[in-house]
Number of protein chains: 2
Amino acid sequence: MDLSPIAEDYLKTIYHLEDENGRPVRTGDISTALDVTSPTVTSMLDSLDERELVDYTPYKGVELTDRGTETVLQLVRNHRLLETFLMEHLDYSWSAVHDEADCLEHYVSDEFTRRLATFLGEPVTDPHGDLIPDSDLKMPEKSPYTALTEYEPGDTVTVEQVPHRDPDVRDYLSRHRIGPGTQLVVDEVSSIDLVTVVPSTTETSVALPTHVARRIGARVVTK
Amino acid sequence: MDLSPIAEDYLKTIYHLEDENGRPVRTGDISTALDVTSPTVTSMLDSLDERELVDYTPYKGVELTDRGTETVLQLVRNHRLLETFLMEHLDYSWSAVHDEADCLEHYVSDEFTRRLATFLGEPVTDPHGDLIPDSDLKMPEKSPYTALTEYEPGDTVTVEQVPHRDPDVRDYLSRHRIGPGTQLVVDEVSSIDLVTVVPSTTETSVALPTHVARRIGARVVTK
DNA sequence: ATCGAGAGTTAGACTAGTCTAACTATATAT
DNA sequence: ATATATAGTTAGACTAGTCTAACTCTCGAT
Ligand SMILES: [Mn+2]
Ligand SMILES: [Mn+2]
Ligand SMILES: [Mn+2]
Ligand SMILES: [Mn+2]
């Protein structure tokens, strides 16, 4: 095979866009996500389709083949194990691990990842509460976290899962002391795309747009 | 700056060739070491000279500038700390760490390396007995190891430093159970470019060409 | 059913790093 | 001192990944 890190990034992007948008992934989605022009995306999609890593229908959209998915799952495993290592042993913050892992995931060998997993004690979730594919690239059982948008005002919850790939979202949450393990009270779930929460550490109200709150996973403490 | 991993590899190669050959580094040396053709080397040397990372005189040779050396020392620090981590925490053998580190050294951030050094306890030598530049990129004091070629027949020594970049040399030593920490008796220092040694673990005589023995560092146990 | 705005593709150009083929400089042997 | 072998450079081509400019398809509004 022998895939370039750049081709790998396109595959990863398609994987995450499929998951996040829940609709066919279009050229423009990828072009926005990777900050390249659309002709660049078109030509890469041609080449990935050629290698049977994606199914690409011009003007319609693209999705990963099984081979493409397998490639991505190995990258996701590398990524999340690296993040775990960085946080647990090198004392990085949850908001700093992603960028480093996003680069290294392309370069560590499968042997490295196997040994790192052993060193870390075969963890099942990463520092952001995301699941780590096992050595056969199967995802472990789905985590039972509930999106923040599903709670009622007054509920007290513990944050278990935070979106962290978008630097703006990540920095906003980090700045307002909302991260994995944060306990907070849901204050208001407004109908104008806003959820307001009060972290117990700061006691200061924080407003979250729905698209962010929807991606924060939490476990109930008291109703 | 923003140097490609490939440009970094040329600089590293020049650094090691300067050290090993003790004469001006020529186009052909680099072309052999990196397994690329000489026109390729010529064009890269033009470009490195342009960026003031090397001093290149066509038809004569090339050497690193201070800026070039600094770049290399950061890579060497990354490399040797990674090797130390792989061996001490991921249970790699001394002969397996190099290839993994040789790739990753280009992608870990300075922040990563700083934190890794702290995690490892600021080590001064790597698993092959080579010195690790400190965070200011100064090399620690020279190790007092003596080349195997300097000993007399009958001397018992402990191996402290092994050449490991050349896969053939590395595999030969590894196969004959000669590595860091190996105790051995010098059997014969022949005038035909051969040193014969007997590792105490195997009791089997091993022949080493001078160019290999010269690069093995050892400490005397008994004379 | 048609049209036009917007999304997507095609065409063609550029860079970094590589190659082969052809040419040139250097150094060694006579 | 000269010839020649060898090392090194120049010229030109190719690929992957990127861009801009020009063209084309699709789909919602009319
Ligand atoms: Mn991440
Ligand atoms: Mn993560
Ligand atoms: Mn090494
Ligand atoms: Mn080493």
Side-chain angles (χ1 to χ4, degrees), chain A residues 1-14 17-18 20-64 68 71-72 75 102-103 105-107, chain B residues 1-14 17-18 20-64 68 71-72 75 102-103 105-107:
Chain A
M1 188 40 355
D2 197 29
L3 215 45
S4 76
I6 291 177
E8 290 180 343
D9 274 335
Y10 281 83
L11 295 177
K12 265 206 336 166
T13 299
I14 294 165
L17 287 170
E18 273 177 0
E20 279 158 34
N21 297 347
R23 55 172 169 75
V25 176
R26 288 161 312 142
T27 301
D29 298 332
I30 300 169
S31 131
T32 303
L34 289 176
D35 195 26
V36 294
T37 61
S38 32
T40 301
V41 175
T42 301
S43 89
M44 180 59 86
L45 291 182
D46 281 337
S47 138
L48 294 174
D49 188 83
E50 189 68 34
R51 285 177 278 180
E52 313 219 9
L53 294 160
V54 303
D55 283 332
Y56 167 51
T57 314
Y59 294 107
K60 297 301 180 182
V62 66
E63 58 185 66
L64 295 175
T71 303
V72 171
L75 289 167
D102 222 27
C103 169
E105 63 185 3
H106 302 285
Y107 302 104
Chain B
M1 192 38 355
D2 196 30
L3 214 44
S4 75
I6 291 176
E8 289 181 344
D9 274 334
Y10 281 83
L11 295 177
K12 265 206 337 165
T13 300
I14 294 164
L17 286 170
E18 273 177 359
E20 279 158 35
N21 298 348
R23 54 172 171 74
V25 177
R26 290 159 311 137
T27 301
D29 298 331
I30 300 169
S31 134
T32 304
L34 288 176
D35 195 25
V36 293
T37 61
S38 32
T40 301
V41 175
T42 301
S43 90
M44 181 58 87
L45 292 181
D46 281 337
S47 139
L48 294 174
D49 188 82
E50 190 67 33
R51 286 178 276 181
E52 313 220 12
L53 294 161
V54 302
D55 283 331
Y56 166 51
T57 314
Y59 295 106
K60 296 302 179 186
V62 66
E63 59 184 67
L64 296 174
T71 302
V72 172
L75 288 168
D102 221 27
C103 170
E105 64 186 2
H106 303 285
Y107 303 104

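Every value quoted in this text rests on a predicted model; they were computed, and no experiment measured them. Values below: every heavy atom of this structure, side chains too, minus hydrogens, waters and symmetry copies.
- Looking at Y10(B) and V54(B), their side chains never come closer than 4.5 Å, going by heavy atoms from C-beta outward.
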Using a cut-off of under 3.5 Å, enumerate the N/O to N/O pairs linking the protein to nucleotides 3-5 of chain C.
none

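- In terms of the side chain to side chain donor-acceptor pair (under 3.5 Å) criterion, residue partners of E8(B) (sequence neighbours excluded) are, by chain and number, H106(B).
- T57(B) meets the side chain to side chain contact (heavy atoms under 4.5 Å, CB included) test with K60(B); sequence neighbours excluded.
- In this structure the side chain of L64(A) never reaches within 4.5 angstrom of the side chain of L53(A), judged on heavy atoms.
- Here the CG atom belonging to D9(A) is positioned 10.0 Å from the CG atom belonging to L3(A), to the nearest 0.5 angstrom.
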Using distance only, find each side-chain donor-acceptor pair of residues 42-51 of chain A under 3.5 Å and give its atom names and separation, not counting sequence neighbours.
from   : atom 1 : to     : atom 2 : distance (Å)
T42(A) : OG1    : S38(A) : O      : 3.2
S43(A) : OG     : T40(A) : O      : 3.3
S47(A) : OG     : R51(A) : NH2    : 2.6
D49(A) : OD1    : Y56(A) : N      : 2.9
R51(A) : NE     : S47(A) : O      : 3.3

Between the protein and nucleotides 23-27 of chain C, are there any N/O to N/O pairs under 3.5 Å, and if so, what are the atom names and distances?
none

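- Residues forming a side chain to side chain donor-acceptor pair (under 3.5 Å) with E52(A) (at least two apart in sequence, or on another chain): none.
- Every residue two or more places apart in sequence or in another chain was checked for a side chain to side chain donor-acceptor pair (under 3.5 Å) with E63(A), and none qualifies.
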Identify all side-chain donor-acceptor contacts of residues 25-33 of chain A below 3.5 Å with residues at least two apart in sequence or on another chain.
from   : atom 1 : to     : atom 2 : distance (Å)
R26(A) : NH2    : D29(A) : OD1    : 3.1
D29(A) : OD2    : R23(A) : NH1    : 3.0
D29(A) : OD2    : R26(A) : N      : 3.0
S31(A) : OG     : V36(A) : O      : 3.1
T32(A) : OG1    : G28(A) : O      : 2.9

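- Regarding D46(A), its CG atom lies at a distance of 9 Å from the C1' atom of dT9(C), rounded to whole Å.
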List, with names and distances, any nitrogen or oxygen atoms from the protein found under 3.5 Å away from nitrogen or oxygen atoms belonging to nucleotides 15-19 of chain D.
from    : atom 1 : to     : atom 2 : distance (Å)
dG17(D) : OP1    : S4(A)  : OG     : 2.6
dT18(D) : OP2    : Y10(A) : OH     : 2.9
dC19(D) : OP2    : T37(A) : N      : 2.9
dC19(D) : OP2    : T37(A) : OG1    : 3.0
dC19(D) : OP2    : T40(A) : OG1    : 2.6

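- Under the salt bridge (charged side-chain N to carboxylate O under 4.0 Å, His left out) criterion, D55(B) pairs with no residue, sequence neighbours left out.
- DNA chain D is contacted by no residue of residues 23-31 of chain A, taking any non-hydrogen atom closer than 4.0 Å.
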### Task
Please assess K12(A) against T71(A) for the test side chain to side chain contact (heavy atoms under 4.5 Å, CB included), listing each intermediate value before the final yes or no.
CA-CA 9 Å; K12(A) 265 206 336 166; T71(A) 303; over 6 Å; no
